[in-house]
2 protein chains.
Amino acid sequence: MKSKESNTTLDPSTEEKIKNAARVMFTQKGYAATRTRDIAQEAGINLALLNYYFRSKEKLFDLIMLESMQGFIQSISGVLNDEGTSLQEKIRTLVSNYIDMLTLQPNLPLFVLSELRNHPHELISKLDFKEKLIRSHFFVQIQQAIIEGKIPPMHPLHFIMNIMGMIIFPFVGSPIIKNIGNLDQSSFNELMQQRKILIPEWIFSMMNLK
Amino acid sequence: MKSKESNTTLDPSTEEKIKNAARVMFTQKGYAATRTRDIAQEAGINLALLNYYFRSKEKLFDLIMLESMQGFIQSISGVLNDEGTSLQEKIRTLVSNYIDMLTLQPNLPLFVLSELRNHPHELISKLDFKEKLIRSHFFVQIQQAIIEGKIPPMHPLHFIMNIMGMIIFPFVGSPIIKNIGNLDQSSFNELMQQRKILIPEWIFSMMNLK
DNA sequence: GTCTATATACGGATAGAC
DNA sequence: GTCTATCCGTATATAGAC
């Protein structure tokens, strides 16, 4: 008899197939516009199975959302809390990892941000992203740099917003960007790769750091 | 008999009431999650009237979307094409106007970007935003500055992405930002006001301009 | 133009056979 | 576990009275 955990790569379990299909559809079209029938078809299974495994569309969605955000938080918290790296190194690593991740999952941020608008409270408080960020070594380093006069004195949120904005926006607005620049997918990705180097430089220059 | 055009301010026509309600609902919850009944209720009229005036939910949506984007493009094209202002002045004005607009309509960008993902082609090509931007005096000034060596040589899109990212992202991600910074609406708006000054400075510093 | 009542379609969820 | 068939609520849209 084959164990439930053995076939992680070769033949995904039905449950995994549904979750993968759901992730694709939800991130592409959002919760309301996604039909459970579409998910079932994409997964190559029957509609009834979806409810058999996950009870309801909403429960399935909540699970996908939770896993997406947990994965994201986990992927950056290591960088943020590495006490052996400078602020500059952290920013470089963060930008690079982030861009690589978004290149693989370009629809993720728009999905998260859209759904967050409609279900604002639950997930944000459940994941407690705020505490994780504020208590991070990264955040402490920013505040310390301000105190020591190495960085212009201003609300640390401005730096967070700038970094996130410069990284995320091109992906969120990719239809517009591609249109303006006459870019196909590969030249768009090339531009994003350039930004791994450029964004940290810009951040440092606006911080008066080097 | 009262003319159709006379009551623009005092008592909006039924058609206007429906459009206003639709704009609010669509931008808040997106196309798929918005119910025509909600729009009718918000407008204080009956559901049947919505179809009487606009035939269908989709036609109403297309109209709202078109008008929103036209309004946006018109509001910035004046600034972009003012031949009497320097690149720096244009950036300052652009940032300031944009932040004021988004403070009044904070849900607009997420709405536009979300719906653009699902109906990518039609509107983008219809509005021809690309041509309007590329042929603008603003764009020419950027390219000229690069040629003259005043700005580091790189794809002009990077500047567009940075400006837009720094302006738009905080609004798109406002639930996260507010949560991280423990901000209520008014302190969030205050931060945005600060950015009217800060963003142009950052842009100039990354351009090596002054 | 505006309403009430209703036709019609669609989507989420379940019953029940295998 | 997986399928087919179906129930049932809800949402869009229309018919028809006023």
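Just so we're on the same page: letters track the sequence lines, and every chain starts at 1. Quantities reported herein were computed from a predicted structural model and do not represent experimental measurements.
In this structure, B/L47 reaches the bases: a heavy-atom distance under 4.0 Å links it to at least one base atom across the strands shown. Counting non-hydrogen atoms under 4.0 angstrom, B/Y52 reaches a base of the nucleic acid.
Salt bridge annotation for A/K19-A/E67: present, with a cationic side-chain nitrogen under 4.0 angstrom from a carboxylate oxygen.
Phosphate proximity of C/dG12 to A/S56: absent, as no side-chain N or O sits under 4.0 Å from OP1 or OP2. In this model, the phosphate group of C/dA13 is approached by a side-chain N or O of A/N51 to a distance below 4.0 Å at OP1 or OP2. For B/R55, a side-chain nitrogen or oxygen approaches OP1 or OP2 of D/dT14 to under 4.0 Å.
DNA chain C is contacted by A/T34, A/R35, A/T36, A/R37 of residues 34-42 of chain A, taking any non-hydrogen atom closer than 4.0 Å.
The number of heavy atoms from other shown groups lying within 6.0 Å of CD1 (B/I197) does not exceed 12. Environment of CD in B/Q74: sparse, with no more than 12 heavy atoms of neighbouring residues, nucleotides or ligands closer than 6.0 Å. Environment of CD in B/Q41: sparse, with no more than 12 heavy atoms of neighbouring residues, nucleotides or ligands closer than 6.0 Å.
Where the helix from C/dG1-D/dC18 to C/dC18-D/dG1 starts and where it ends, the local axes point in directions that differ by 10°; five pairs per end, rounded to 10°.
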Exercise. Stepwise, does the ring pair (Phe, Tyr, Trp, His ring centres under 6.0 Å) test hold for B/Y31 with B/F61?
Worked result: CA-CA 7 Å; B/Y31 176 78; B/F61 174 81; 4.9 Å; yes

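When ring centroids are compared, A/Y98 and A/F72 come within the 6.0 Å threshold.
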